[in-house]
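Step one of this worksheet: look at the structure below.
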Amino acid sequence: GKKQYDREFLLDFQFMPACI
Amino acid sequence: HSLENRWALWFFKNDSSQAWQDNLHLIIKFDTVEDFWAVYGHIQLASKLSSGCDYALFKDGIRPMWEDSRNKRGGRWLVSLAKHQRHSKLDRLWLETLLCLIGESFEEHSQEVCGAVVNIRTKGDKISVWTREAENQASVLHIGHVYKQHLGLSTKAIIGYQAHADTATKSTRNKFVV
């Protein structure tokens with residue numbers, strides 16, 4: 001299906017360190 | 001977390017010695033939530049740009065200009081800010097706009113969205129969401145209602161939708177309002 005993300009979900013990633 | 005679309009971030013810096021298109025630069029493309037934040041964290045906030053600059057976020061393959069075949073029959077929902085709102089509101093409203101785009105907030109009508117632009121101008125900054133077909137009234141209105149809600153604008157505030165064909169001829173007529 002379509003990948004829809006709400007703002008709270010997206011904001012949770014803002015300061016997450018990138019996984020390498 | 002992959003996004004539904006790959007997005008391209010563009011930067012425009014006004015330099016009147018060059019042609020308009022030569023002032024438009026593709027910064028980067030991304031297609032994951034993580035890469036979006038990496039990009040967002042590494043660029044200047046819109047409020048810190050100098051007057052005459054723009055950011056544009058468009059679906060990969062669509063250039064941020066009226067002339068692009070996927071824009072030319074379309075139009076834009078336009079949010080005009082007062083001068084004093086650059087420091088109080090601009091960055092938040094632009095981020096909400098970006099999240100609406102990458103999160104596909106307009107449901108099935110998201111396919112009508114081409115991109116969004118923030119214009120930094122001394123006389124007042126502007127944010128707009130561009131859609132591909134100004135005559136698709138149901139989609140345009142759905143996008144307008146959802147967008148206004150996401151920006152947290154009061155019900156008394158009115159935003160207008162202008163067809164690019166009208167804007168190109170300097171007409172500022174609103175085709176729709178929400």
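Just so you know, these numbers come straight off a predicted model, no measurement behind them. Residue numbering restarts at 1 for every chain, and letters A, B, ... go by the order of the sequence lines.
- The environment of CD in B:Glu67 is crowded: more than 12 heavy-atom neighbours from other residues, nucleotides or ligands sit within 6.0 Å.
- Contacts between B:Glu96 and chain A at a heavy-atom distance below 4.5 Å involve the side chain alone, from C-beta outward.
- Both B:Ile43 and B:Leu98 are part of a single hydrophobic cluster, where members link through side-chain heavy atoms under 4.5 Å apart.
- B:Leu49 and B:Leu93 fall within the same hydrophobic cluster, where Ile, Leu, Val, Met, Phe, Trp and Tyr residues are linked whenever their side-chain heavy atoms come under 4.5 Å apart, directly or through other members.
- Inter-residue side-chain proximity for B:Glu4 and A:Tyr5 is flagged as unmet; no heavy-atom pair is nearer than 4.5 Å.
- Looking at B:Phe36, neither its backbone nor its side chain comes within 4.5 Å of chain A, counting heavy atoms on both sides.
- Listed by sequence position, the residues of residues 128-161 of chain B in contact with chain A number zero, using a 4.5 angstrom heavy-atom cutoff.
- Atom NE2 of B:His25 is surrounded by more than 12 heavy atoms from other residues, nucleotides or ligands within 6.0 Å.
- Shown here is B:Arg121, whose CZ atom has more than 12 heavy atoms of other residues, nucleotides or ligands within 6.0 Å.
- Among the candidates B:Ser105, B:Ser2, B:Ala38, the residue making the largest number of heavy-atom pairs closer than 4.5 Å to chain A is B:Ser2.
- At a threshold of 4.5 Å between side-chain heavy atoms, the hydrophobic network of Ile, Leu, Val, Met, Phe, Trp and Tyr places B:Phe176 and B:Val113 in one connected group.
- There is a path of hydrophobic side-chain contacts, each under 4.5 Å, that joins A:Phe9 to B:Phe106.
- Put simply, CG on B:Leu95 and CG on A:Leu11 are 6.0 Å apart, with the number rounded to the nearest 0.5 Å.
- Atoms CZ and OG1, from A:Phe13 and B:Thr32 in turn, are 9.5 Å apart once rounded to the nearest 0.5 Å.
- Using modelled atom types, one side-chain atom of A:Gln4 and one backbone atom of B:Glu104 make a donor-acceptor pair closer than 3.5 Å.
- Closest heavy-atom contact between B:Trp37 and A:Leu10: NE1-O, 2.7 Å.
- In the displayed structure, B:Lys175 atom NZ is contacted under 6.0 Å by more than 12 heavy atoms of other residues, nucleotides or ligands.
- Hydrophobic clustering keeps B:Ile27 apart from B:Leu24 (ILVMFWY residues linked when any side-chain heavy atoms are closer than 4.5 Å, directly or through intermediates).
- Contacts with chain B were tallied for A:Lys2, A:Arg7, A:Lys3; A:Lys3 has the most, counting heavy-atom pairs under 4.5 Å.
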